Amino acid sequence: MRSFSSLSVISLLGAATNVISQAPSGVPSFVTEYAPINYLYSGEVYFPSDLQNQLNNTTPEVNFTAVQGVPSPLTLDNLDQLNNLPPANGTNVYLTSNDNIETNPAWLIGVAPTNNKTDGVTSATIVVNDHGNGLVDAFYFYFYAFNYGGEYVGQILGDHVGDWEHNMVRFENGTPSAVWYSQHSNGEAFTYEALNKTNGRPINLVANGTHANYAIGGTHDHTIPDLNLPEGFVEDYTDFGAIWDPLLSAYYYSYNANTQEFSAYDDSTPVNWLNFTGQWGDDQYPNSDPRQKSLLGLAYKYTGGPTGPEDKQLNRTNICPDNGDACIVRTMLGP
Ligand SMILES: *[C@@H]1O[C@H](CO)[C@@H](O)[C@H](O)[C@H]1NC(C)=O
Ligand SMILES: *[C@@H]1O[C@H](CO)[C@@H](O)[C@H](O)[C@H]1NC(C)=O
Ligand SMILES: *[C@@H]1O[C@H](CO)[C@@H](O)[C@H](O)[C@H]1NC(C)=O
Ligand SMILES: *[C@@H]1O[C@H](CO)[C@@H](O)[C@H](O)[C@H]1NC(C)=O
Ligand SMILES: *[C@@H]1O[C@H](CO)[C@@H](O)[C@H](O)[C@H]1NC(C)=O
Ligand SMILES: *[C@@H]1O[C@H](CO)[C@@H](O)[C@H](O)[C@H]1NC(C)=O
Ligand SMILES: *[C@@H]1O[C@H](CO)[C@@H](O)[C@H](O)[C@H]1NC(C)=O
Ligand SMILES: *[C@@H]1O[C@H](CO)[C@@H](O)[C@H](O)[C@H]1NC(C)=O
């Protein structure tokens, strides 16, 4: 009797936690029901971060020179003005740290989740593209103030301010069919069926520092883009560390591919920032900068910051972005 009633309490709690989300009305229920559940690496140092906080701690620069006439304060409602503020033209703008990043300023660390949530900050962005005919793609974008690239033969390579990563879940008539995992310049796709799940939600393991996304735990080899290195030389580490549920700290939008317009599901959600076409971190430091180091001039300690969600092929034909590579949708789990 006693164990029976505690079991019912557990299942009630379980049901309650599964439906907790701050999604505004209008977001399709399957977009939250089958959202990825993220497991950060147990040794992670650079956590999910607040979008507005990135603006507060950076200055828009073009070619390492501050842009004049920037709105003050710079907010998620006016960031897109940088697309047309000469010499800033959007693509050449870098949101550049006000602090020397080698002094480890606290804002680069982001917010470690408590009870699955990055408290007090908005660190995820969910974008829904309804293609019509029952085909819906939901993008789950993850934002981190800093990317630690990893250490290779004693040299740290690929650090940068700002880090955008994502999963995309493809739905057919409300049923998830496949999931994309962004990893460095590309990623991996799996059928939904092949994936391991927590409470029906696809598991996403976020690699230490680089925040590349993987379907299984353990060590993952990858290669630096445009540089051939021996297999196993460049590794990502994942494990089942802290859970970060992106639904608990997200902005939600729909995306119209025909007009390339974003709409918030909720009037209180800022939307203009999604039109910003520049970079969310410092430009790659020149070789003359004493902070910069390289591995034989082929790979650098500090690389440039990334572009935001608008640059991640939001209207895909396949589950993979179209980058010339074959789109392999894996039916079995693997590294
Ligand atoms: C994880 O990243 C931190 C820095 O962000 C680094 O100090 C640590 O060595 C990394 N762990 C592994 C296993 O690479
Ligand atoms: C950013 O700065 C503004 C003042 O310019 C302040 O009101 C706001 O709280 C700050 N936001 C964050 C997330 O630090
Ligand atoms: C960037 O600035 C440097 C001088 O600081 C100048 O030599 C170079 O031409 C500039 N590059 C561009 C693309 O404007
Ligand atoms: C923006 O300016 C840069 C030079 O700073 C140039 O390379 C780029 O083509 C320009 N982009 C657009 C869209 O005008
Ligand atoms: C955290 O997420 C996991 C997986 O969805 C869930 O089982 C657990 O109940 C959640 N914890 C809290 C405190 O919400
Ligand atoms: C998937 O989950 C099952 C059940 O928890 C587990 O036994 C298996 O090791 C997991 N597979 C991978 C590749 O992580
Ligand atoms: C968006 O993607 C669909 C394929 O799902 C394609 O048919 C359509 O033409 C694309 N729309 C635009 C504006 O590129
Ligand atoms: C974003 O840009 C598009 C295309 O340039 C424009 O139609 C739209 O109004 C802009 N959206 C916002 C929220 O500024």
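Remember, it's 1-based here, ligands and their atoms both numbered in the order they're listed. A quick note: this is a predicted structure, and the numbers were derived from the prediction, not measured.
- Counting non-hydrogen atoms of other residues, nucleotides and ligands closer than 6.0 Å to CD of Glu102 gives a total above 12.
- Within a 4.0 Å radius of atom 1 (C) of ligand 2, the protein contributes one or more non-hydrogen atoms.
- The closest non-hydrogen atom to atom 5 (O) of ligand 2, taken over Ser72, Pro73, Ser49, comes from Pro73.
- Checked by atom type, the side-chain pair Asp99/Trp107 shows a donor-acceptor distance below 3.5 Å.
- Inside a 4.0 Å radius of atom 7 (O) of ligand 2 there is not any protein heavy atom.
- With hydrogens left out, the protein atom closest to atom 13 (C) of ligand 2 is Asp50 OD2, 3.3 Å, a heavy atom.
- Taking the six-membered ring where the residue is Trp, the centroids of Phe143 and Trp280 are separated by under 6.0 Å.
- Judged by distance alone, with hydrogens and angles left aside, the side-chain atoms of Gln292 form a donor-acceptor pair with the main-chain N or O of Tyr302 at under 3.5 Å.
- If you check each of Ile203, Asn116, Asp245 against atom 3 (C) of ligand 5, the one with the closest non-hydrogen atom is Asn116.
- Exactly one residue among Asp283, Val161, Leu55, Asn57 makes a side chain to side chain contact (heavy atoms under 4.5 Å, CB included) with Leu95. That residue is Leu55.
- Comparing Thr122, Asn56, Asn53 by heavy-atom distance to atom 11 (N) of ligand 2, the nearest is Asn56.
- Numbered from 1 in the order shown, with element, the atoms of ligand 3 that lie under 4.0 Å from a heavy atom of Asn63 read 1 (C), 2 (O), 3 (C), 8 (C), 10 (C), 11 (N), 12 (C), 14 (O).
- The backbone N or O of Asp137 lies less than 3.5 Å from no partner atom in the side chain of Asn129, so there is not a single donor-acceptor pair.
- On a distance-only criterion, Arg201 and ligand 5 share no N/O pair closer than 3.5 Å.
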